[in-house]
Student: 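This is the structure, below, for whatever I ask next.
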Amino acid sequence: MTASTKDIEKAAGVLRAGGLVALPTETVYGLGANAEDPAAVARIFQVKGRPPSHPLIVHIGGAEYLGDWVEDVPPTARLLAERFWPGPLTLVLRRGRRVPLEATGGLETVAVRVPDHPAALALLSAFGGGVTAPSANRFGSVSPTTAGHVRAELGEAVDFVLDGGPCEVGVESTIVDVTGEVPSILRPGGVTREDLEAVLGFPLAVPSSSLVRVPGQHPSHYAPRARVVLVEPGKIVTEAALAQELGHRVGVFLPPSLTGTQVKAHAVVAVPSSTAAYARGLFGFLRELDRQGCDLIVASLPVEEGLGLAIANRLRRAAGPRPSTAPGLQER
Ligand code: AMP
Ligand code: MG
């Protein structure tokens, strides 16, 4: 599904007028504003409830415009942009003068990417500038992968929701910092580490949890209302049954290896065996278990290779400690 020309024009008009547009990308839906309009950018933070020190990604219409937004483009950045754009790869580079500090959380670096979605590219082309956009959800909650998710969560706070159908990739972009001598992954995502390494010809460091500048690195992020508990795959069925007996309304992420197993739970999601399908469905599964009234989700981590690295990262964050939840299963 792709958006109509009329909708694209309307969305571009909203951006020009300093408004907010929720836009489809291949990763998740973004909450977009004119990257060069500090007041519009400030509204993104307000609507999301996101601390202003947390930088946003500037979306541009093609790799050929990269030089307009950053101070310089090192050869590694050029190589990665040529190979992976449009696509779920974000490059962190030195901030160009066009980018206001409001968009970078005060940093002298800026994150840039070219989204691989026909409606996003059509919007960027009609608008003619950069669109800065984090995921179109409230800070800390589950990212939206359909226009319906955005409407349900942000409603009237967004001036226009451009519906481009469900997101193909389903997890956020991979963020690679190319400002230093050696590029490093700040957040795993839709482009795999293996694919990056194959192009670069050397290994990349696995993201460290100490990178507080990246919101995805906070202890709790991508979190549904239900508490998420991670256990070994072999313990999913017993943990779920125990929690259910203790009075929880348990949602289960049933791994493909356990397909067909009877589970005592309130709701069960069958985890797809392909990691691409799992990534595509992940945030929707979390939302669905919330919708069904689960208060506890029992899941296990996939093997951390390929897209499994990004899925495991999101699940760990979803299960991360929350500021104000009552003690329970997780602390046993
Ligand atoms: P979101 O997934 O909604 O949080 O989208 C923005 C992501 O890009 C966040 O994880 C940001 O921290 C990250 N990001 C944006 N700009 C920078 C930057 N200059 N350095 C590091 N990470 C950045
Ligand atoms: Mg986000």
Side-chain angles (χ1 to χ4, degrees), residues 20 22-33 35 41 43-60 66 69-71 77 88-96 98-115 120 130-145 149-150 153-154 158 167 169-180 183-191 205 207-224 279 282-283 286-287 310 313-314 316-318 320:
L20 299 186
L23 69 152
T25 78
E26 80 281 32
T27 60
V28 303
Y29 272 72
L31 181 60
V41 174
R43 259 191 77 205
I44 294 179
F45 289 91
Q46 196 193 333
V47 165
K48 277 190 65 102
R50 174 170 168 127
S53 59
H54 291 239
L56 309 176
I57 294 170
V58 176
H59 296 73
I60 60 173
L66 179 59
W69 299 91
V70 303
E71 197 50 44
L89 175 70
T90 295
L91 298 175
V92 172
L93 290 150
R94 284 176 55 213
R95 179 178 71 93
R98 268 177 98 163
V99 185
L101 286 167
E102 281 81 358
T104 68
L107 295 175
E108 287 303 334
T109 54
V110 60
V112 186
R113 93 172 182 103
V114 180
V131 172
T132 192
S135 52
N137 56 285
R138 304 233 182 252
F139 183 64
S141 86
V142 179
S143 305
T145 50
H149 293 162
V150 180
E153 189 161 339
L154 299 180
V158 188
C167 301
V169 175
V171 290
E172 292 81 354
S173 58
T174 303
I175 303 180
V176 176
D177 184 343
V178 273
T179 57
S184 63
I185 296 178
L186 300 183
R187 172 180 76 185
V191 168
S208 138
S209 55
S210 64
L211 296 157
V212 291
R213 271 301 193 175
V214 182
Q217 300 295 336
H218 273 238
S220 171
H221 209 81
Y222 315 106
L282 176 66
F283 291 136
L286 292 172
R287 281 174 187 270
N313 171 275
R314 303 309 185 268
R316 279 210 185 85
R317 304 294 163 201

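Predicted model only: the values in this text are computed from it and were never measured. Atoms within a ligand are numbered from 1 in the order they appear, just like the ligands themselves.
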Student: Could you tell me whether Arg50 approaches ligand 1 through its side chain, its backbone, both or neither, with non-hydrogen atoms closer than 4.0 Å?
Tutor: side chain

Student: Backbone N or O of Asn137 within a donor-acceptor pair of the Lys48 side chain at under 3.5 Å?
Tutor: yes

Student: So is Arg317 actually on top of Tyr222's ring, under 6.0 Å and inside 45° of the axis?
Tutor: no

Student: Check this for me: does any side-chain nitrogen of one of Arg43 and Glu102 sit under 4.0 Å from a carboxylate oxygen of the other?
Tutor: no

Student: Under a 4.0 angstrom heavy-atom cut-off, which atoms of ligand 1 come close to Ile57?
Tutor: 6 (C), 7 (C), 8 (O)

Student: Please answer whether the main-chain N or O of Thr27 pairs with a side-chain N or O of Thr25 as donor and acceptor at a distance below 3.5 Å.
Tutor: yes

Student: Any atom of ligand 1 sitting under 4.0 Å from a heavy atom of Arg95?
Tutor: no

Student: Report the C-alpha distance between Glu172 and Arg187 in whole Å, list the side-chain angles of each, state the deciding distance to 0.1 Å, and finish with yes or no for side chain to side chain contact (heavy atoms under 4.5 Å, CB included).
Tutor: CA-CA 9 Å; Glu172 292 81 354; Arg187 172 180 76 185; 3.3 Å; yes

Student: Look at ligand 1 and say whether Val92 reaches it with a heavy atom at a distance under 4.0 Å.
Tutor: yes

Student: For the Mg ion (ligand 2), does an N/O/S atom of Ser135 lie at less than 2.8 Å?
Tutor: yes

Student: Which is closest to atom 2 (O) of ligand 1 in terms of heavy atoms, Arg187, Glu172, His54?
Tutor: Arg187

Student: Please say whether Thr109 places an N or O atom under 3.5 Å from an N or O atom belonging to ligand 1.
Tutor: yes

Student: Just do the ring pair (Phe, Tyr, Trp, His ring centres under 6.0 Å) check on Phe45 and His54 with the steps written out, would you?
Tutor: CA-CA 9 Å; Phe45 289 91; His54 291 239; 8.4 Å; no

Student: Taking the basic N atoms (NZ, or NE/NH1/NH2) and the acidic carboxylate oxygens, is any pair closer than 4.0 Å for Arg113 and Glu26?
Tutor: yes

Student: One residue to check: Ile175. Relative to ligand 1, which of side chain, backbone, both or neither has a non-hydrogen atom less than 4.0 Å away?
Tutor: side chain

Student: Side chain, backbone, both or neither: which part of Leu186 has a heavy atom under 4.0 Å from ligand 1?
Tutor: side chain

Student: Considering only heavy atoms of Ala111, which atoms of ligand 1 have at least one such atom less than 4.0 Å away?
Tutor: 14 (N), 15 (C), 16 (N), 17 (C)

Student: Determine the sole option in Val110, Ile175, Val112 for which the side-chain contact (heavy atoms from CB on, under 4.5 Å) test with Val92 is passed.
Tutor: Ile175

Student: Show me which atoms of ligand 1 lie under 4.0 Å from any heavy atom of Leu56.
Tutor: 15 (C), 16 (N)

